[in-house]
Amino acid sequence: MSDKYNPQPGNRFTFGLWTVGNIGRDPFGEPVRKQLTPAEIVYLLGEVGAYGVNFHDNDLIPIDATPAQSAQIKKEFKKALADTGVVVPMATTNLFSDPAFKDGAFTSNDPNVRAYALQKTMNAIDLGVELGASTYVFWGGREGVETDASKDPLEAGKRFREALNFLCSYVKDQGYDLRFALEAKPNEPRGDIYLSTTGAMLGFIETLEHSEMVGVNPEVAHEQMAGLNFLHHVAQAWDMGKLFHIDLNDQAFGRYDQDFRFGAVNLKSAFFLVKFLEDVGYDGSLHFDAHAYRTEDYEGVKDFAIGCMRMYAILKEKAERWHADAEIQALVAAINADDGKTDAFKGAYSADKAAALKSASFDRVAMGARGLPYERLDQLTLELLMGVR
Ligand code: DIG
Ligand code: MN
Ligand code: MN
């Protein structure tokens with residue numbers, strides 16, 4: 001399938017090395033695909049038409065690599081970037097795989113682990129900036145507990161804040177053009193992960209010394225696995241000027257973190273998300289933090305990657321058609337009609353407005369009796385999505 005929905009030059013679609021490079025290991029099974037090198041993954045992304053590639057430090061440089069091995073890997077990776085034109089918009093640190101982080105990194109009860117996590121992150125920030133990253137993601141996969149007997153949540157929050165304040169200062173001290181994006185998840189791999197939703201992250205960011213350089217990286221699956229409306233979290237982040245990055249994928253409610261192909265489960269919510277991002281003019285990376293089914297070979301992995309990008313392009317066109325659909329727009333106008341009777345009360349508070357409002361009369365019964373055509377609007381929206389209008 002190659003048509004106008006396949007990725008076009010100038011797209012902002014990105015994939016992590018760990019996504020299309022996922023070898024299919026799961027808690028109940030061994031890998032099903034051979035490990036590709038970082039350079040081979042870049043060539044694969046170039047072949048499918050992606051704009052960018054992201055990485056955890058150890059996706060690129062193994063934690064036990066020698067300096068010579070590290071130099072060779074970077075040399076091959078940089079050549080692949082140059083050969084394909086694929087760029088590196090985002091980098092992040094793996095603070096969740098090594099056993100040292102089994103009880104967290106920045107929130108670990110062991111001060112040596114906390115210090116090591118800072119050291120590892122500074123080195124990973126240096127690596128990300130060297131390769132072109134302008135956004136740095138923090139996903140605290142191990143920052144949590146299985147039992148609250150093990151850690152004081154207040155102390156854990158203070159440790160996390162201290163680490164981020166230190167790292168923000170490091171970035172400013174180095175003169176890096178880099179912004180931090182915090183990624184929430186409610187659980188997995190820990191029984192409970194601190195700062196479990198994007199909303200919690202937004203509140204936490206306001207407590208940081210350099211909050212202006214810290215935003216969020218919401219992930220579809222991470223709000224949906226908790227049964228939350230992902231769009232509402234993204235809208236709140238955008239409203240606060242904090243939508244610095246976004247992880248697109250899909251997820252069935254009440255399941256482990258499935259990281260499915262974008263739009264593969266919740267087509268309707270994917271549509272409203274794409275419509276929102278396009279309506280507000282979000283111009284950051286469209287990062288597919290997802291991976292192919294374990295059943296796939298690498299041709300199937302390419303199908304997965306193309307499918308993610310095609311789905312976004314198709315839903316973007318559907319959003320344009322939604323805005324151009326006369327019947328839909330007539331309903332939207334009717335829903336938002338304003339008879340002007342409350343104009344005197346709008347805007348900032350004043351004592352006069354309050355007095356006038358307190359003496360105003362409202363027809364409560366008529367307001368309650370008014371029919372709202374949401375069934376028809378939703379049906380028309382779905383019929384547009386299904387291609388019958
Ligand atoms: C999982 O959703 C996390 C890790 O893959 C990574 O740290 C982050 C970057 O998008 N997402
Ligand atoms: Mn995920
Ligand atoms: Mn993610």
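When a ligand or atom number is given, it counts from 1 through the structure's own listing order. Here, residue 1 is the first one in the sequence, and each next residue gets the next number.
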> Kindly assign one of parallel, tilted or perpendicular to the pair F77 and F55, based on the angle between their ring planes and the thresholds 30° and 60°.
perpendicular
> Is the closest basic N to carboxylate O distance between R310 and D3 below 4.0 Å?
yes
> Students should find this: residues with any non-hydrogen atom under 4.0 Å from ligand 1. What is the answer?
W18, H56, M90, T92, V137, W139, E183, N217, E219, H222, D247, H287, D289
> Classify the angle between the aromatic ring planes of F96 and H56 as parallel (below 30°), tilted (30 to 60°) or perpendicular (above 60°).
perpendicular
> Only N/O/S atoms count here: what is the atom of D257 closest to the Mn ion (ligand 2) called?
OD2
> Classify the side-chain pair D57/T93 by whether it contains a donor and acceptor separated by less than 3.5 Å.
no
> When the side chains of residues 369-377 are checked against the rest of the protein, which donor-acceptor pairs come out under 3.5 Å, sequence neighbours left out?
{"unit_1": "R370", "atom_1": "NH2", "unit_2": "A334", "atom_2": "O", "d": "3.3"}
{"unit_1": "R376", "atom_1": "NE", "unit_2": "E327", "atom_2": "OE2", "d": "3.2"}
{"unit_1": "R376", "atom_1": "NH2", "unit_2": "E327", "atom_2": "OE2", "d": "2.1"}

> Looking only at side-chain N and O atoms, does D250 offer a donor or acceptor that is under 3.5 Å from a partner on Q258?
no
> Is the distance between the ring centroids of F304 and Y293 under 6.0 Å?
no
> Using ring pair (Phe, Tyr, Trp, His ring centres under 6.0 Å) as the criterion, list what pairs up with F15, not counting sequence neighbours.
F288
> Could you grab the protein N, O or S atoms closer than 2.8 Å to the Mn ion (ligand 3) for me?
E183 OE2, E219 OE1, D247 OD2, D289 OD2
> Does the plane of the ring in Y312 sit parallel, tilted or perpendicular to the ring in F13? Use 30° and 60° as the thresholds.
perpendicular
> Strictly below 4.0 Å, N to O, side chains only: are E278 and K275 in salt-bridge contact?
no
